[in-house]
A.B. asks: 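Can you keep this structure in mind? I'll have questions shortly.
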Amino acid sequence: MTRVRRGARLTIAASLAIAGFAANPTLALSPEAVAGAVAQRFGVTVLRVTPIERDSKPLYSVVVMNPGGNFNEAFKATTLVVDPETGELVPQFRQENSGYDLPASPDRQPPVDDTGTAIRRETFRGR
């Protein structure tokens, strides 16, 4: 019974601390606070927290590992990006015009040499 109450108190205290930091954007969460919040929220083990910068905004890169068990993602390591001002996750996929950037297509102009050998080199027969 004591462990349940202690766990509930820790959960409430951590929630209030995160809410307090989120309400005042001038205060940033420390790496330890981010690690604790992510571990508690997702039930994972935090391996490391690294400060990064994206679009001139400071963020934390948090590498986490799922707990062991009898499920497919046991011990899976994942990188999460967390905003230190709010404590919220930052989406890692950024929308572009087509959803993502593709490399430029290769130049498919026929060769200047119009002989049969040069044309056959450019032909794909699907083998």
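A quick note: this is a predicted structure, and the numbers were derived from the prediction, not measured. For the single chain, residues carry numbers from 1 onward in sequence order.
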A.B. asks: Verify the cluster assignment for Val82 and Val90: are they in a single hydrophobic cluster under the rule of side-chain heavy atoms below 4.5 Å apart?
C.D. replies: no
A.B. asks: Among residues at least two apart in sequence or on other chains, which ones pass side-chain contact (heavy atoms from CB on, under 4.5 Å) with Glu53?
C.D. replies: Ser56
A.B. asks: Do Phe42 and Leu89 make a side-chain contact, defined as non-hydrogen atoms from C-beta onward lying under 4.5 Å apart?
C.D. replies: yes
A.B. asks: Using every non-hydrogen atom in the two residues, find where Ala35 and Val49 come nearest and quote the distance to one decimal.
C.D. replies: CB-CG2, 3.9 Å
A.B. asks: Check for me, please, whether Phe71 and Phe75 land in the same ILVMFWY cluster - side-chain distances under 4.5 Å, paths through other members count.
C.D. replies: no
A.B. asks: Please find the pair of heavy atoms, one from Pro58 and one from Pro84, that lie closest to each other, and give the distance.
C.D. replies: O-CD, 3.2 Å
A.B. asks: Taking all atoms of both residues into account, what is the closest heavy-atom pair of Arg54 and Gln92, and its distance?
C.D. replies: NH1-CA, 4.2 Å
A.B. asks: Would you tabulate the side-chain donor-acceptor contacts of residues 59-68 under 3.5 Å, counting partners in other chains and residues two or more places apart, or write 'none'?
C.D. replies:
unit_1	atom_1	unit_2	atom_2	d
Tyr60	OH	Leu29	O	3.0
Asn66	ND2	Glu73	O	3.0

A.B. asks: Which residues pass the side-chain contact (heavy atoms from CB on, under 4.5 Å) test with Glu32, not counting sequence neighbours?
C.D. replies: Ser30
A.B. asks: Listed by chain and number, what are the side-chain hydrogen bond (donor to acceptor under 3.5 Å, both in side chains) partners of Lys57, not counting sequence neighbours?
C.D. replies: Asp83
